Visitor: 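Got a structure for you, questions after.
From a predicted model like this one, the values you see are computed outputs, not experimental measurements.
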Amino acid sequence: MASKDTLDASNSQETRSLENSHVRYGATPGWASGRLRHSSSTGSGGQVESPPASLESLPASYDPGLQIELSAAVAGVVPDDTFTVDQAVNALGFGKFQAKLSLITGLCWMADSMEMMILAILGPALRCSWHLSEWQQAAFTTAVFLGMMLSSSFWGTLSDKYGRRRSLGLASVLLAYWGLMSAFTPTFGWLLLLRALVGFAIGCVPQSVTLYAEFLPAKHRGKCVVLLDCFWALGACMEVGLAMLVMPSYGWVGLLGLSALPSVLFVLCWQWLPESARYDASSGNSDKALATLQSIAQQNGQPMLLGRLIVDDMTQLSRGRVRDLLLPQLRRTTLLLWFIWWVGGWGGWFIWCSCTFCYYGVVLLTTELLEASGDLCGVSESGGDSDSCTAACRPLTHSDYTDLLWTTLAEFPGILLTIFIIERLGRKKTMALEFLIFLASIVFLFFCTSGRVWLTFILFVARGVISGVFQAAYVYTPEVGVCVSLVYTPEVCGLHA
């Protein structure tokens, strides 16, 4: 009799402990508590507290996260094990689900790349076709970056409120529509407006990287996110190749129209894009998060974890606000990330801007240098040597496109270099090393040279390593708990490129 009372007291104590540990999802009912308690066990009063016959009979106040426990309770056994989304993703491994997600996310990345690479090609073409001044040509590029800057925090807030999948779907529709409309613009003013709207839609693209990274096991995350840059490099190469074929016959109008096709294709594939399980779990939609994780398990051929899904971050901050990046626990990391993304001279905005300034600076500078026939030292009318940064109005030739393609292909070895060192040296040391290599290569552009091969080689090395820094920063940013879109707000630094 004493033994029975002791057992009842122990069960009661464990029940209270479990109820306290599960307070995050609301009160746990008595039949759902305890350690593997069989339905035939009785309390001290001899009464059996049976679980509900079905999930539909539960009160509306119960969290959907109890689904696994309830299903087990109907069978007579309730597990007390818990797991988080990250634990489930790591346990289910890399498989068919991640491979399919890589293709869909890569298509979004490719569409972004083509819309950005076209800036380097359209600038010289528009200057010759519409006889644009230098400030008008600069405004054409600035409009896109301005749209990205103004929209980054907007898309971050929208994604945190309605989900990354919905935001990407809306942004892709707008990107495809405004991209196609740009091909039919009658005046420079309209083109400026439409390209700014294209930049507004592009501001949501970093959400695809965040969504992708949240479905990757920790041991594969670094390499896979860097490999995702292959789609960016592929899109840039496709844009240059498309320009070689289209520009001589159909001009920049045909190039703008065809460059929007990857965005249209992503819109069609969007229906297969899953919502982030981490977002669903943290938003209280545990049933949707469980369904997504079960789909991953089925597609990867792995058994689903048993237990109860819980949210791993016990303290929830207000999400989607730029000012949250400057909270005491995030301020130092945010400022350092801003510095990486911009090497320019604004003392407050640091890391994200450095990448943007250097990468797009090299991309846009390449066509200017190639258009100048590779001669970095212009000759003045008096016959003396004087440094010149202004290229005459000369359409890009087949030779120019070939050299531009070579510099674009540099991103592939840059990706391989980053993959090789990012897990060996770590994220921060990888970015530091590649920044040093970029600096050592770009210094040679300060010296006058008329050798086209030497110029192409310098641009090849510079673009390869700076693209590696870009991807290392994309790996590092979500891992330190900072939203990519909100940190991407300093895209204003691209204006200076």
Side-chain angles (χ1 to χ4, degrees), residues 99 101-126 141 144 148 168 171-172 175-183 195 198-199 201-202 205-206 208-209 212 225-270 359-360 362-367 370 395-416 456 459-460 463-464 466-468 470-471 474:
L101 183 62
S102 299
L103 294 177
I104 300 176
T105 309
L107 183 60
C108 179
W109 213 226
M110 186 186 301
D112 180 13
S113 174
M114 295 184 69
E115 292 291 353
M116 296 305 298
M117 187 63 196
I118 201 174
L119 297 177
I121 300 173
L122 283 186
L126 290 174
T141 303
V144 179
M148 295 170 66
L168 282 171
S172 61
L175 179 59
Y177 176 74
W178 287 328
L180 288 173
M181 290 298 294
S182 298
R195 297 316 293 179
V198 166
I202 291 177
V205 173
S208 65
V209 182
Y212 179 63
V225 173
V226 174
L227 280 173
L228 190 66
D229 191 41
C230 289
F231 289 95
W232 175 280
L234 180 61
C237 292
M238 287 180 58
E239 186 65 33
V240 177
L242 191 64
M244 294 176 64
L245 298 175
V246 174
M247 288 293 288
S249 301
Y250 301 99
W252 60 267
V253 175
L255 183 63
L256 273 175
L258 293 176
S259 298
L261 292 182
S263 301
V264 177
L265 186 58
F266 178 75
V267 172
L268 299 178
C269 297
W270 171 80
Y359 178 81
Y360 289 115
V362 170
V363 171
L364 298 175
L365 182 63
T366 299
T367 52
L370 295 179
L396 296 177
T397 64
H398 187 275
S399 176
D400 296 331
Y401 285 123
T402 301
D403 291 336
L404 181 60
L405 182 59
W406 274 113
T407 60
T408 306
L409 288 171
E411 297 196 15
F412 288 103
I415 295 170
L416 296 178
T456 304
L459 295 172
F460 182 93
R463 181 160 179 179
I466 197 59
S467 66
F470 224 113
Q471 291 311 303
Y474 264 114

Visitor: Hey, does the side chain of Asp112 reach the backbone of Trp109 with a donor-acceptor pair shorter than 3.5 angstrom?
Guide: no
Visitor: Starting at OG1 of Thr141, measure out to CG of Leu122 and round the result to the nearest 0.5 Å.
Guide: 9.0 Å
Visitor: Nearest 0.5 angstrom please: Leu261 CG to Met238 CE, how far?
Guide: 9.0 Å
Visitor: Would a 4.5 Å heavy-atom cut-off, applied to side chains only, mark Met116 and Val363 as touching?
Guide: no
Visitor: Rounded to the nearest 0.5 Å, how far does OG of Ser208 lie from CG of Leu228?
Guide: 6.5 Å
Visitor: Any donor-acceptor pair under 3.5 Å linking the side chain of Ser113 with the backbone of Ala236?
Guide: yes
Visitor: Tell me the closest heavy-atom pair linking Gly257 and Ala183, and the distance in Å.
Guide: N-CB, 3.7 Å
Visitor: Partners of Trp178 by ring pair (Phe, Tyr, Trp, His ring centres under 6.0 Å), sequence neighbours excluded?
Guide: none
Visitor: Is there a side-chain contact (heavy atoms from CB on, under 4.5 Å) between Trp270 and Ile104 once you walk through the steps?
Guide: CA-CA 8 Å; Trp270 171 80; Ile104 300 176; over 6 Å; no
Visitor: Counting only pairs under 3.5 Å, give me each side-chain donor-acceptor contact of residues 403-411, with atom names and distances, residues two or more places apart or in other chains.
Guide:
from   : atom 1 : to     : atom 2 : distance (Å)
Asp403 : OD2    : Arg452 : NE     : 2.9
Asp403 : OD2    : Arg452 : NH2    : 3.2
Thr407 : OG1    : Leu404 : O      : 2.7
Thr408 : OG1    : Leu404 : O      : 2.8
Thr408 : OG1    : Arg463 : NH1    : 3.3
Glu411 : OE2    : Tyr359 : OH     : 2.5
Glu411 : OE2    : Arg463 : NE     : 3.0
Glu411 : OE2    : Arg463 : NH2    : 3.0

Visitor: Nearest heavy-atom pair of Val198 and Gly179: which atoms, and what distance?
Guide: CG2-N, 3.9 Å
Visitor: Could I get the full list of side-chain contact (heavy atoms from CB on, under 4.5 Å) partners for Met181, not counting sequence neighbours?
Guide: Tyr177, Leu194
Visitor: What heavy-atom pair brings Cys230 and Ile415 nearest, and what distance separates the two atoms?
Guide: N-CD1, 3.4 Å
Visitor: Distance check, rounded to the nearest 0.5 Å: Leu107 atom CG versus Leu265 atom CG?
Guide: 4.5 Å
Visitor: Ser182: what forms a side-chain hydrogen bond (donor to acceptor under 3.5 Å, both in side chains) with it, not counting sequence neighbours?
Guide: Arg195
Visitor: Do Val246 and Trp252 have side chains that get closer than 4.5 Å, going by heavy atoms?
Guide: no
Visitor: With sequence neighbours excluded, what pairs up with Val264 under the side-chain contact (heavy atoms from CB on, under 4.5 Å) test?
Guide: Ala176, Leu180
Visitor: Using the salt bridge (Lys or Arg N to Asp or Glu O under 4.0 Å) criterion, which residues pair with Glu239? Sequence neighbours excluded.
Guide: none
Visitor: Which heavy-atom pair separates Gly199 from Met148 by the least distance, and what is that distance?
Guide: O-CG, 3.1 Å
Visitor: What is the distance from atom CG of Leu175 to atom CG of Leu168, rounded to the nearest 0.5 Å?
Guide: 11.0 Å
Visitor: Nearest heavy-atom pair of Ala243 and Ile121: which atoms, and what distance?
Guide: CB-CD1, 3.7 Å
Visitor: What distance do Met110 atom CE and Thr105 atom OG1 have between them, rounded to the nearest 0.5 Å?
Guide: 12.0 Å
Visitor: Considering all heavy atoms of both residues, which atom of Met114 and which atom of Pro262 are nearest to each other, and what is their separation?
Guide: SD-CG, 3.3 Å
Visitor: State, with a plain yes or no, whether a side-chain heavy atom of Ser467 is found less than 4.5 Å away from one of Trp232.
Guide: no
Visitor: Would you find a donor on one side and an acceptor on the other, under 3.5 Å apart, between the side chain of Thr367 and the backbone of Leu364?
Guide: yes
Visitor: Would you please test Phe231 and Leu103 for side-chain contact (heavy atoms from CB on, under 4.5 Å) and show each step?
Guide: CA-CA 9 Å; Phe231 289 95; Leu103 294 177; 4.0 Å; yes
